[in-house]
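Here the structure is a predicted model, which means the values were calculated and not measured. Chain A is the first sequence line, chain B the second, and so forth, proteins listed ahead of strands; every chain is numbered from 1.
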Protein chains: 2
Amino acid sequence: MRQAIEDRIGTSHGTSTMRGSIHAGGPAEHPVPGTRVPAHTTLLHEGDPARRIMEVAEGAVMLTKLLPDGRRQVVELLGPGDMFGLACGDAYACSAETLTASLVVPHERGALERDAALAARLLRRFESQLCTMHAHALALGRMSALERVAFFLLRLMPEPAPGAPRDGSVHIAMTRQEIADFLGLTLETVSRAFSELKRRGLVALLRADEVRIRDRGSMQRLAGAA
Amino acid sequence: MRQAIEDRIGTSHGTSTMRGSIHAGGPAEHPVPGTRVPAHTTLLHEGDPARRIMEVAEGAVMLTKLLPDGRRQVVELLGPGDMFGLACGDAYACSAETLTASLVVPHERGALERDAALAARLLRRFESQLCTMHAHALALGRMSALERVAFFLLRLMPEPAPGAPRDGSVHIAMTRQEIADFLGLTLETVSRAFSELKRRGLVALLRADEVRIRDRGSMQRLAGAA
DNA sequence: CGACTGTTTGACTTGGTTCAATGTACGTGG
DNA sequence: CCACGTACATTGAACCAAGTCAAACAGTCG
């Protein structure tokens, strides 16, 4: 099994196992506030003993679960402020992998009793992550492939700040396979949905991983903005 | 739209809107520790302004989300100790409905700052609910119909206490439609899955809402006990 | 320029949905 | 006590959205 780098986070320097080519610079520079981790690095493994709760300070992390036969579900996409490393019992419930170069801050579980501010922050964040999971469950359980992909793209590009710069394009730091595992589809179906959204003029595909939303209203209608 | 009884919870007596026939006794007896609510009562509505966090003290509650066209997803099943009434922004993210007669305790959001013990309890519970949602996402995104139903049944009947009384039967306080909305299927598919599990001898159906697990190992294998 | 990795598209198959009866438990009132 | 009505569950047959298998295409790197 691939080695997670959990043990090296927050201690000294962090080397890492990576997928494909090496993206980011060298090992961690900041010993205390957190650890810099390159893209495509496994941070922890489902089933390993749960010791610490981790915070994404910068970057993007995905949480995944596996079925014994290898089917994979990306259960959550995390950004700055989000927490991971949750345990059911004493083992991690999910594996965690960076999507982009990230800064990760570990929190000892024992610190929660002592640090009320951290506990309050964690509470707010858990509430928000729980709401996001509810929306994700609705998408997985009841939306069509096209609707799920619209939902996904809106999630990546939340709102154009009021009166702010017009919709730029988003860089999608995930492969079609990863998006499919997030949405409960196959990569082919995701690809077809992208093409269909493009054909309908709701979206422009600059590159495979560079998307621009052209018709936000229609996208929201597709994604079931209640 | 149906009226939620939120406003009457924790105040005086609680009448309620109900589905089908009236099940439970009269209005609430205990004014302070919580409110007794009969089965099939809507406790709060998705989209309503979020004021309080609620705790299930006794009974069973389901959280649901709707798509504009009426498709429904049961996003969470709650039992004693679980919390609901979460907000994305300032509105409830889900509707909540009792499955059985229940005792519900409201907590003012402001109380979290003052009551550290409550905050700690809430934190632990949110962590556990988040883990459950992760497992649910795996089921919704990657499991077949049969696997999802096995997963659901195991969830209702967690573990036979070590050395404790042999597997009794569980009463399922949900219709096939509600189970389907929980598992992202149709009621017909859920029904066929029950029949198939019975045909394979993994399960015995005493009545439509009374199930006994006959072969826990096979059920766990189906549900992907990792 | 290849070689590689990931994406798109096409043709075919299939698990689950849809539509349509039929079956079954339960409560009510004659 | 039994006939009837209602609500829910089961089963069957036809259909379709998404999956599977397979091939061609497009960037990127050495």
Below 4.0 Å: OP1/OP2 of C:dT8 and any side-chain N or O of A:Arg176: yes

Any N/O donor-acceptor pair, B:Arg192 side-chain to D:dG12 base, under 3.5 Å: yes

Under 3.5 Å: donor-acceptor pair, side chain of B:Glu127, backbone of A:Ala87: yes

Residue closer to the 5' end of DNA chain D, A:Arg207 versus A:Thr189 (nearest nucleotide): A:Thr189

Under 4.0 angstrom between A:Thr186 side-chain N/O and D:dG19 OP1 or OP2: yes

Closest nucleotide among C:dT8, D:dT11, D:dC8 to the B:Glu188 side chain: D:dT11

Salt-bridge contact B:Glu196-B:Arg192 (side-chain N to carboxylate O under 4.0 Å): no

Residue whose nearest DNA chain C nucleotide is more 5′ - A:Met174 or B:Gly184: A:Met174

Nearest heavy-atom neighbours spanning B:Arg125 and B:Gly81: NE-O, 3.1 Å

Contact nearer the 5' end of DNA chain D, comparing B:Ser195 with A:Leu146: B:Ser195

Nearest listed nucleotide, side chain of B:Ser144, among C:dT18, C:dG16, C:dT7: C:dG16

Residue A:Ala208, side-chain atoms from C-beta onward, closest of C:dC19, D:dC8, C:dT8: C:dT8

Row check, B:Phe194 ring normal vs B:Arg176 NZ/CZ: under 6.0 Å, within 45°: yes

